[in-house]
Amino acid sequence: MSSPRSVSSSPPSAASGSRRVSSPVALAALVVANLVPLVGVVWFDWSLKALLVAYWLESGVVGLLNVPKILAASGRGDDGSSINATVNGRQVDLSPPDDPRDGFHLYPSNVPIAGFFAIHYGIFWVVHGVFVWSFDTFAVGDVGAVGGVGGVPLGAVFLAAGATLLSHGGSFAVNFVGREEYRSVSPGAQMSEPYRRVIVLHLTIILGAFLVAASGAPAAALVVMVVVKTALDAGAHLREHTRAKKRADRDRAGETAGERIEVGDASA
């Protein structure tokens, strides 16, 4: 009887790298949501301040949706271990759940991490909002004013925020839940994701706002600002899900590497 032979198991087809980084529907929804302020500028004479308020509300949506992401994160790895989170002098445990379950679940053990994020990001968001609402004081030039509160048409701006909520909520459902990104990201790494996306994006927006205000806030400059922001946002979206795909591919490769099946030959 011949000796058993070893057959290496092949990884699932999803690991082949052919799967897109992000759902095309989610990316399209992001672009459409970003076009709402463009419509406001071109057809409804939105002011520069109205744009800033809309983008501030968007950063709030990003932070809000990150809380359930942290609570559901169950992946391992060292991509979040370099973050030091301390509350009242006590270190927050950034490790994933000890016994992750199949499917999408919110883990009580991740609550301290989510709470730390909510406080820290909430302070950042409030300070950002104070600056946005008082932008007229800091700006050089005309920031524009079109009705509403403080030159901001609240109804239209909240409509833009609603479009943003649908876009990011759809990406959460399609990418994070549907594509099971929660399986490969650790709570610590997920806690850092909004900062990667929001801080650079909104620092760029604020710098652009000063330049637009200094030029008198012409409609053309506002359009350029919206287009640049849309491109940056789409790029940040793709980079975020590229990182998620790399983590998933790495974990999948780790699960299948060295996995071998012993097959005996039945012939005598």
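The shortest distance between side-chain heavy atoms of V226 and N34 does not fall below 4.5 Å. No side-chain heavy atom of M225 sits under 4.5 Å from any side-chain heavy atom of V41. Counting heavy atoms from C-beta on, the side chains of M191 and H120 never come closer than 4.5 Å. Two residues are said to be in side-chain contact when any heavy atoms from C-beta on lie closer than 4.5 Å; V228 and V224 meet this criterion. A 4.5 Å side-chain heavy-atom check between H241 and S171 finds at least one atom pair inside the cut-off. Between K245 and D249 the shortest side-chain heavy-atom distance falls below 4.5 Å. The shortest distance between side-chain heavy atoms of V157 and L57 falls below 4.5 Å. Between V132 and Y55, the closest side-chain pair of non-hydrogen atoms is not below 4.5 Å.
No donor-acceptor distance shorter than 3.5 angstrom exists from the side chain of W56 to the backbone of V126, with no hydrogens or angles considered. Using modelled atom types, one side-chain atom of N66 and one backbone atom of Q190 make a donor-acceptor pair closer than 3.5 Å. Between the side chain of K49 and the backbone N or O of W133, at least one donor-acceptor pair lies under 3.5 Å.
Hydrophobic clustering of Ile, Leu, Val, Met, Phe, Trp and Tyr side chains at less than 4.5 Å, counting indirect connections, unites L106 with V111. Taking hydrophobic clusters as Ile, Leu, Val, Met, Phe, Trp and Tyr residues chained together by side-chain heavy-atom distances below 4.5 Å, V53 does not share a cluster with V61. V174 and L30 are not part of a single hydrophobic cluster, where members link through side-chain heavy atoms under 4.5 Å apart. A single hydrophobic cluster is seen to contain both I199 and Y121, as judged by linkage of ILVMFWY side chains at heavy-atom distances under 4.5 Å, directly or through other members. Both L51 and V39 sit in one connected hydrophobic cluster of ILVMFWY residues. Membership requires side-chain heavy atoms under 4.5 Å apart, directly or through other members.
Look at E193 and R243 and you find a salt bridge, because one of the NZ, NE, NH1 or NH2 atoms lies within 4.0 Å of a carboxylate O, short of that distance.
Summarising the geometry, atom CG belonging to L27 is positioned 5.5 Å from atom CG belonging to L238; distances are rounded to the nearest 0.5 Å. The OG atom of S167 lies 7.5 Å from the CG atom of D233; values are rounded to the nearest 0.5 Å. Distance NZ/K69 to CG/L64: 11.0 Å, rounded to 0.5 Å. From S74, atom OG reaches atom CZ of R101 across 10.0 Å, with rounding to the nearest 0.5 Å. The CZ atom of R239 sits 9.5 Å away from atom CZ of R197, with the distance rounded to the nearest 0.5 Å. Note that CZ of F117 is 5.0 Å distant from OH of Y195, once rounded to the nearest 0.5 Å.
Taking every heavy atom of both residues into account, V36 and A163 meet most closely at CG2-CB, 4.0 Å. The shortest non-hydrogen separation linking A73 to Y107 is O-CD1, 4.4 Å. Of all non-hydrogen atoms in S109 and P112, the two that sit nearest each other are O-CD, 3.5 Å. Pairing each heavy atom of A54 with each of A160, the nearest pair is CB-CB, 4.5 Å. P194 and V62 make their closest contact through CB-CG1, 4.0 Å (heavy atoms, listed as atom of the first residue, atom of the second, distance). Here the shortest heavy-atom pairing between N175 and E181 reads O-CG, 3.3 Å.
N110 is linked by a side chain to side chain donor-acceptor pair (under 3.5 Å) to nothing, counting only residues two or more places apart in sequence or in another chain.
Annotation: ring pair (Phe, Tyr, Trp, His ring centres under 6.0 Å) contacts involving residues 159-187, sequence neighbours excluded, comprise F104-Y182, F172-F176.
Side-chain heavy-atom separations under 4.5 angstrom define the hydrophobic clusters, and V25 shares its cluster with no other residue.
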